[in-house]
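I'd like to ask some things about the structure below.
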Amino acid sequence: MSSQKKCETVASLNYPSYAVTAVGGRHVVVGGGGGSAKTGIKNQFDVFELYHNGNQTVGERVLSYDVGDDCITNMVAWPGAITAATTIKTAPIITLAVGQEEKCVIMKLKPTLKAVKKEEVSLQQSVKGKEKGHATGLLRKRRISEKSAEEGSTEKEDIREEKKRRRSINTTLRGTKYFTFDVDKISSIDTVFKKKTEDEVYQKCCGVSPDYKFLVTGGTDGYLRVWSLPEMKKEREIKAHDKEVDALDIKPDCKQIVSVCKPAYECCVWSLKDGSKITHVVLQTNGVKYKCFRAKYGIVEGSIQKTRLFTISNPVIGTKNPAIVAKWCGKTYKQEKTKSLVGSLSSLALSDNGQYLATGTMGGNVYILIAFSLQQLQVVEEAHSMFVTGLEWLPTQNKASQMVRGYSDASVLSISCDNSLKIHHIPRPGMVPVWVVAILATGVLCFAFLLANFLGL
């Protein structure tokens with residue numbers, strides 16, 4: 001079962017994005033930027049509050065934060081206490097770990113309720129009024145003349161421009177109050193170090209443990225470093241690869257970590273207790289050389305004690321061979337199943353319940369698979385005009401998340417250097433039609449009547 005789907009644009013960004021993370025049920029943080037080059041593109045992260053407008057999921061920017069001269073290339077966030085300033089609106093405290101060059105910057109985002117200014121409320125009312133007038137007045141004008149219809153078209157453009165102005169001043173579409181965040185910089189620590197004087201050093205990946213007790217970083221010096229939270233004290237370092245650590249993920253039981261080194265074609269699993277190497281995960285490809293790009297753990301049947309490992313790999317040379325998604329046993333790390341996909345894969349994400357897998361391509365496509373069988377559910381061709389830099393599933397069981405994603409079975413966000421944040425939904429299984437239920441009920445009653453008559457009851 002596979003279907004071609006269209007995606008929804010959640011928000012437009014002002015910069016190329018490289019990292020995305022969902023916090024709680026409704027908040028998403030996106031980071032990126034133009035780097036140290038003076039191109040006029042800021043290095044920043046945005047916080048979006050998600051909601052459903054009746055037609056699709058929409059993200060409203062509630063915070064934009066400039067992080068300075070260095071681009072955000074990797075990022076992870078985790079929630080703190082829920083702050084309830086009103087009985088209706090809530091927002092979590094967000095702790096953010098951001099990779100910038102050789103440093104990991106820890107920031108705390110504290111929610112604060114903000115009132116929309118009077119002139120901004122007037123602007124909203126003006127837009128709504130024009131939309132309403134346009135909806136009724138345009139029908140009358142179409143009956144009068146083409147000239148009036150053209151005037152209606154101009155009116156539509158005015159509404160569009162006012163909407164753009166509204167977005168630029170960060171007002172809210174859902175009322176006169178909304179949560180923004182105050183940013184406190186907690187610490188900035190070097191997590192990658194030079195081997196030689198001429199080496200360039202930068203953090204390439206980071207991950208937080210499921211219990212939020214420690215952070216793991218990896219970078220160009222080939223080391224995995226484990227930091228205790230919240231004080232960011234270095235607990236352990238593992239010499240994982242001779243070249244850079246491109247990706248990492250922490251096992252749900254917090255006992256192991258997987259790391260990927262693309263230049264060395266390596267995917268390895270390490271013990272977090274003593275830093276020892278557990279295994280080297282090697283894809284069986286009948287002699288064709290493949291390079292592992294990403295690796296992620298997924299839970300089985302809702303248990304953190306039961307896990308699988310998933311990897312995406314691309315052929316080293318040529319495009320005749322397909323990309324491969326592979327599933328591995330979470331205990332023995334034996335290869336269990338593979339799936340061939342068209343395109344060069346660039347990103348990977350697993351839903352929190354372990355049921356779904358999403359992977360993006362260098363061409364901008366997004367594939368969604370069933371994790372257990374690797375059966376392809378959806379392919380969204382050209383979801384982005386450039387390669388997919390990040391994917392993030394929204395929580396599946398969170399009630400607020402279910403509302404903002406339109407009660408879909410699951411939804412995954414995608415980002416790219418094309419300055420867009422998009423979302424892809426998996427519809428819930430369809431219910432049995434009423435007429436089918438009626439026929440079945442009638443059949444059961446008839447069968448019961450005939451059986452009772454045959455038995456003389």
Side-chain angles (χ1 to χ4, degrees), residues 5-13 17 19-31 45-64 75-94 96 109 111-114 116 124 163 166-167 170-181 349-356 358 366 368 377-378 380 383-384 388 390-416 420-429:
K5 294 288 184 180
K6 293 183 178 180
C7 56
E8 300 171 359
T9 299
V10 175
S12 296
L13 306 167
S17 53
V20 57
T21 180
V23 187
R26 297 199 318 271
H27 290 88
V28 175
V29 187
V30 182
F45 67 81
D46 289 338
V47 181
F48 293 93
E49 185 178 356
L50 303 182
Y51 65 98
H52 200 278
N53 65 5
N55 296 314
Q56 69 165 73
T57 303
V58 179
E60 183 173 3
R61 184 182 288 104
V62 294
L63 175 69
S64 289
M75 177 176 64
V76 67
W78 57 99
I82 298 294
T83 300
T86 71
T87 56
I88 301 174
K89 300 178 184 295
T90 62
I93 294 174
I94 300 172
L96 197 63
L109 281 57
T112 176
L113 198 61
K114 185 175 180 180
V116 180
Q124 289 185 52
K163 282 184 176 181
R166 190 210 63 78
R167 285 194 294 268
N170 260 359
T171 60
T172 177
L173 290 172
R174 290 163 297 133
T176 58
K177 292 183 179 181
Y178 67 99
F179 273 110
T180 184
F181 294 85
L350 271 295
S351 62
D352 61 354
N353 59 8
Q355 293 183 5
Y356 301 110
V366 173
I368 297 177
L377 276 179
Q378 296 180 14
V380 186
H384 295 275
V388 180
L391 294 162
E392 177 80 348
W393 289 90
L394 294 178
T396 54
Q397 302 303 317
N398 185 285
K399 290 184 178 180
S401 172
Q402 291 173 356
M403 291 175 62
V404 302
R405 53 189 169 86
Y407 294 97
S408 59
D409 202 40
S411 300
V412 61
L413 295 157
S414 64
I415 57 170
S416 168
S420 65
L421 172 64
K422 297 191 176 182
I423 195 167
H424 318 272
H425 302 292
I426 300 175
R428 291 198 174 196

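Model, not experiment: these values are computed from the prediction.
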So, for Asn53 and Asn55, which heavy atoms are closest and what is the spacing to 0.1 Å?
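Here Asn53 and Asn55 meet closest at OD1-N, 2.8 Å.
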Tell me if a side-chain donor or acceptor on Ser401 pairs with a main-chain N or O of Thr396 at a distance below 3.5 Å.
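No, the answer is negative, given that no donor and acceptor are paired below the 3.5 Å cut-off.
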Dump the intermediate steps for side chain to side chain contact (heavy atoms under 4.5 Å, CB included) on Asp46 and Leu421, then the final yes or no.
CA-CA 11 Å; Asp46 289 338; Leu421 172 64; over 6 Å; no
Glu392 side chain to Ser414 main-chain N or O, any donor-acceptor pair under 3.5 Å?
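Here the side-chain-to-backbone pair does not exist.
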Student check: side-chain heavy atoms of Arg61 and Leu13 closer than 4.5 Å:
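Answer yes - side chains close enough.
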For Asp352, which residues count as a salt bridge (Lys or Arg N to Asp or Glu O under 4.0 Å) partner, sequence neighbours excluded?
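Expected list: none.
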Are any non-hydrogen side-chain atoms of Phe48 and Val30 less than 4.5 angstrom apart?
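Side-chain contact under 4.5 Å: yes.
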If we only count heavy atoms from C-beta on, is the Pro427 to Gln378 side-chain gap below 4.5 Å?
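SC-SC contact between Pro427 and Gln378 confirmed.
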Main-chain N/O of Ala349 paired with Trp393 side-chain donor or acceptor, under 3.5 Å
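Pair found, side chain donor or acceptor close to backbone of Ala349.
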Quick one: does Ser17's side chain have a donor or acceptor within less than 3.5 Å of a partner on Ser416's backbone?
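Yes, the answer is positive, given that a donor and an acceptor are paired below the 3.5 Å cut-off.
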Enter the distance from Glu60:CD to Glu49:CD here, rounded to the nearest 0.5 Å.
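Taking CD in Glu60 and CD in Glu49, the distance rounds to 7.0 Å.
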Go through Phe45 and Leu63 one step at a time and tell me if the side chain to side chain contact (heavy atoms under 4.5 Å, CB included) criterion holds.
CA-CA 8 Å; Phe45 67 81; Leu63 175 69; 4.0 Å; yes
pair Val28-Val10: side-chain heavy atoms closer than 4.5 Å
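No, their side chains stay 4.5 Å or more apart.
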Among residues at least two apart in sequence or on other chains, which ones pass side chain to side chain contact (heavy atoms under 4.5 Å, CB included) with Glu8?
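Checked Glu8 against side chain to side chain contact (heavy atoms under 4.5 Å, CB included); matches are Gln56, Thr57, Ile423, His425.
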Going by the rule side-chain hydrogen bond (donor to acceptor under 3.5 Å, both in side chains), which residues pair with Ser420 if we only count those two or more places apart in sequence or in a different chain?
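Expected list: His384, Asp418.
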Member of Ile93, Ile94, Val29, Leu96 meeting the side chain to side chain contact (heavy atoms under 4.5 Å, CB included) criterion with Phe181
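When side chain to side chain contact (heavy atoms under 4.5 Å, CB included) is applied between Phe181 and each of Ile93, Ile94, Val29, Leu96, only Ile94 qualifies.
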Minimal non-hydrogen separation, His52 against Met403, with atom names:
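Shortest heavy-atom separation between His52 and Met403 comes out as CB-O, 3.6 Å.
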With side chain to side chain contact (heavy atoms under 4.5 Å, CB included) as the criterion, how do Val23 and Val47 come out once you've worked through the C-alpha distance, each side chain's angles and the decisive distance to 0.1 Å?
CA-CA 10 Å; Val23 187; Val47 181; over 6 Å; no
For residues Ser408 and Ile426, determine if any side-chain heavy atom of one lies less than 4.5 Å from a side-chain heavy atom of the other.
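Answer no - side chains too far apart.
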Where is the tightest heavy-atom contact between Ala22 and Leu394, given as atom of each residue plus distance?
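Heavy atoms only, the tightest pair is CB-CD2, 3.9 Å.
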Looking at every heavy atom in both Gly59 and Ala11, which two are closest together, and how far apart are they?
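The pair with the smallest heavy-atom distance is O-CB, 4.0 Å.
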Lys422 versus Cys7, closest heavy-atom pair with distance
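Result for this residue pair: CD-SG, 3.5 Å.
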Minimum heavy-atom distance between Asn398 and Pro395, given as atom pair plus value
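Where Asn398 meets Pro395 most closely, the heavy atoms are CB-CB, 3.7 Å.
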Measure centre to centre between the rings of Tyr356 and His424, then say whether the value is under 6.0 Å.
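That pair fails the under 6.0 Å test.
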